[in-house]
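It should be emphasised that the depicted structure is a prediction, and the values quoted were computed from it without experimental measurement.
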Amino acid sequence: MANAKCETCRFFDEHKGNGAVAQNDAGLCRVNPPVSQPAPAPESKGLWPVVATQDWCGHYTAEMTAAE
């Protein structure tokens, strides 16, 4: 599948920093729930995996392409 890359997936979310500006070649993968991070504090939060626009995963199908 030549077009199999994160930036064409409907679950790819542009990763924006505190200035609300897209962070170069990075995005958040929203296909699965946030991943828990080991931390000493019980109130630590899960994080969405950060992926590059050209990455891809085994979940990718033609039906998962971004809505036009």
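Considering only heavy atoms from C-beta on, C9 stays 4.5 Å or farther from V31 through its side chain. Looking at heavy atoms from C-beta onward, H59 lies out of side-chain contact with T61 at the 4.5 angstrom threshold.
Two different hydrophobic clusters hold L47 and V50 under the rule that ILVMFWY side chains link at heavy-atom gaps under 4.5 Å.
Looking only at distances, no side-chain donor or acceptor of D55 sits under 3.5 Å from a matching main-chain atom of C6.
Looking at every heavy atom in both residues, E7 comes nearest to F12 through CA-CD2, 3.8 Å. Among all heavy-atom pairs drawn from Y60 and K5, the shortest one is CE1-O, 3.7 Å.
By the neighbour-count criterion of 12 heavy atoms within 6.0 Å, atom CH2 of W56 is sparsely surrounded, having that number or fewer from other residues, nucleotides or ligands.
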